[in-house]
Amino acid sequence: MPELPEVNTFQKYFEGTSLDQRIEAVEVHDAKIIRNLSGSEFIDRLTGRTFVGSYRRGKYLFAKLDNAEHLLLHFGMTGDLNYYAEPQERTKHERFVFHFDNGQHLGFDCPRKFARIQYIEDLAVYLSEIQLGEDALVITEADFVQRATGKTATIKGFLLNQSQVAGVGNLYADEICYQTGIHPGSRVNKLSSQQQSEIYHAMQRILRKAIERSAYYKDYPENWFWEWRKEGAPGPEGKGIVQRTKIAGRTTYFIEGVQVLY
DNA sequence: TGTGATGTTGAATG
DNA sequence: GCATTCAACATCAC
């Protein structure tokens, strides 16, 4: 689930539910996804604190604490937030939960444990240490094109590379390639700067639309790929054939005969 | 029952 | 240095 639009939805959910309530207790069921602290250290650091805001960059969500430090929530493939009142509303794969002083809870659910939770003392320092590109919605066209210039990677690989642009994942990368009529295996340096800027605008348009629909796939426009991601099926309007392959190590769908390989 | 899954990382390879 | 592939992480659903 969690690519940029999904994480944006998590952020809204977090801000709409979990701010300004003192964390009275923290319960850790499985500390595996907490990367830089033990379970008991995690409990010690968070107990008594209050969430006061958040910052999202790409798929990284930083929950801001009242001591100006942050908790990084990276959702991996299956992370999810669950704010609830009654204990029986607890989800099956809850890994830890904050008990707020108003009786509410914020649980972090993650069946596959690919999520990464990290306690960040200094956000600016952390961001300068990791290789994380500018957020896909924030990056300027000039910066995007400049980063693309000369790259020999496939366009799909480039879009997935979080150190170039942060936020695009496997599904949206396919959608961007589809909507620009470009084969996902095309080399970035074979594309004109005009095409690179078309990709930039498609990326922003698609992510914005997805956010507007709260990353709820069923509400996406009918001509998006959700409707046609089936190998061997005819493409939209009967043009071309849906192909499934592997590009940049990820399962990739595109329409043979419609998306041009450069 | 086997296969693959919306993410990231590190090692190995070209 | 750059790009790609693969394995690993752990679990579930088809």
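Every chain is numbered from 1 and lettered A, B, ... according to where its sequence line falls, protein lines coming before strand lines.
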Length of the line joining A:N170:CG and B:dA5:C1', which is rounded to integer Å: 10 Å
A:F108 vs A:F98, ring-ring contact (aromatic ring centres under 6.0 Å, His included): CA-CA, chis, key distance, verdict: CA-CA 9 Å; A:F108 190 96; A:F98 300 111; 9.3 Å; no
A:E94 side chain to A:H29 backbone, donor-acceptor under 3.5 Å: no
Side-chain donor or acceptor of A:N170 paired with backbone N/O of A:T251 under 3.5 Å: yes
N or O in side chain of A:T251 less than 4.0 angstrom from B:dA5 OP1/OP2: yes
ILVMFWY cluster membership beyond A:Y126 - transitive side-chain contacts under 4.5 angstrom: A:Y55, A:Y60, A:F62, A:L72, A:I120, A:L123, A:L127, A:I130, A:L132
Contacts of A:R250 that satisfy salt bridge (charged side-chain N to carboxylate O under 4.0 Å, His left out) - sequence neighbours left out: none
Gap between atoms CZ and C1', on A:F75 and B:dT6 respectively (whole Å): 14 Å
Base-contact (B) and sugar-phosphate-only (S) positions in nucleotides 9-14 of chain C, heavy-atom cut-off under 4.0 Å, - elsewhere: BBBS--
Sequence-aligned protein contact record of nucleotides 8-14 of chain B, with B where the base is within under 4.0 Å of a protein heavy atom and S where only the sugar-phosphate is: BS-----
CD/A:E15: more than 12 non-hydrogen atoms of other groups inside 6.0 Å: yes
Contacting residues from residues 128-151 of chain A, given that a heavy atom lies under 4.0 angstrom of DNA chain B: none
Enclosure of A:K12 NZ (heavy-atom neighbours >12, cutoff 6.0 Å): yes
Interatomic distance where CG belongs to A:N189 and P belongs to C:dC2 [whole Å]: 14 Å
Under the salt bridge (charged side-chain N to carboxylate O under 4.0 Å, His left out) test, residues paired with A:D143 that sit two or more places apart: A:R147
Watson-Crick or G-U pairs under 3.5 Å in DNA chain C, rendered as dot-bracket with [ ] for crossing pairs and | for another strand: .||||||||.||||
By ring-ring contact (aromatic ring centres under 6.0 Å, His included) - contacts of A:H99 (at least two apart): A:H105
Span that lies between the P atom of B:dG4 and that of C:dA7, in whole angstrom: 12 Å
Distance, rounded to the nearest Å, where A:N161 contributes CG and B:dG7 contributes C1': 13 Å
Shared hydrophobic cluster, A:I199 / A:V260 (ILVMFWY, side-chain heavy atoms < 4.5 Å): yes
Rounded distance in Å - CG (A:L171) to C1' (B:dG4): 13 Å
Short side-chain to backbone donor-acceptor contact, A:E6 and A:E3, under 3.5 Å: yes
Distance between P atoms of C:dC12 and B:dT8 (Å, rounded): 22 Å
Considering only nitrogen or oxygen atoms on both sides, find all protein atoms under 3.5 Å from nucleotides 4-7 of chain C and state each distance.
| unit_1 | atom_1 | unit_2 | atom_2 | d |
| --- | --- | --- | --- | --- |
| C:dT4 | OP1 | A:T154 | N | 2.9 |
| C:dT4 | OP1 | A:R187 | NH1 | 3.0 |
| C:dT5 | OP2 | A:A248 | N | 3.3 |
| C:dT5 | OP2 | A:G249 | N | 3.3 |

Non-neighbouring partners of A:D109 that pass salt bridge (charged side-chain N to carboxylate O under 4.0 Å, His left out), sequence neighbours left out: none
Rounded distance (Å) that lies between atom C1' of B:dT6 and atom OH of A:Y253: 12 Å
Pairs meeting criterion ring pair (Phe, Tyr, Trp, His ring centres under 6.0 Å) with involvement of residues 127-147 of chain A, two or more places apart: A:F144-A:F158, A:F144-A:Y200
Salt bridge (charged side-chain N to carboxylate O under 4.0 Å, His left out) partners for A:R45, two or more places apart: A:E69, A:E121
Distance, nearest 0.5 Å, that separates NE2 of A:H70 from CZ of A:F51: 11.0 Å
P spacing across the pair C:dT5 / B:dA5, given as an integer number of angstrom: 15 Å
Residue pair A:T78 / A:K113, side-chain heavy-atom distance below 4.5 Å: no
Pairwise P distance, B:dT3 and C:dC6 [rounded to whole Å]: 16 Å
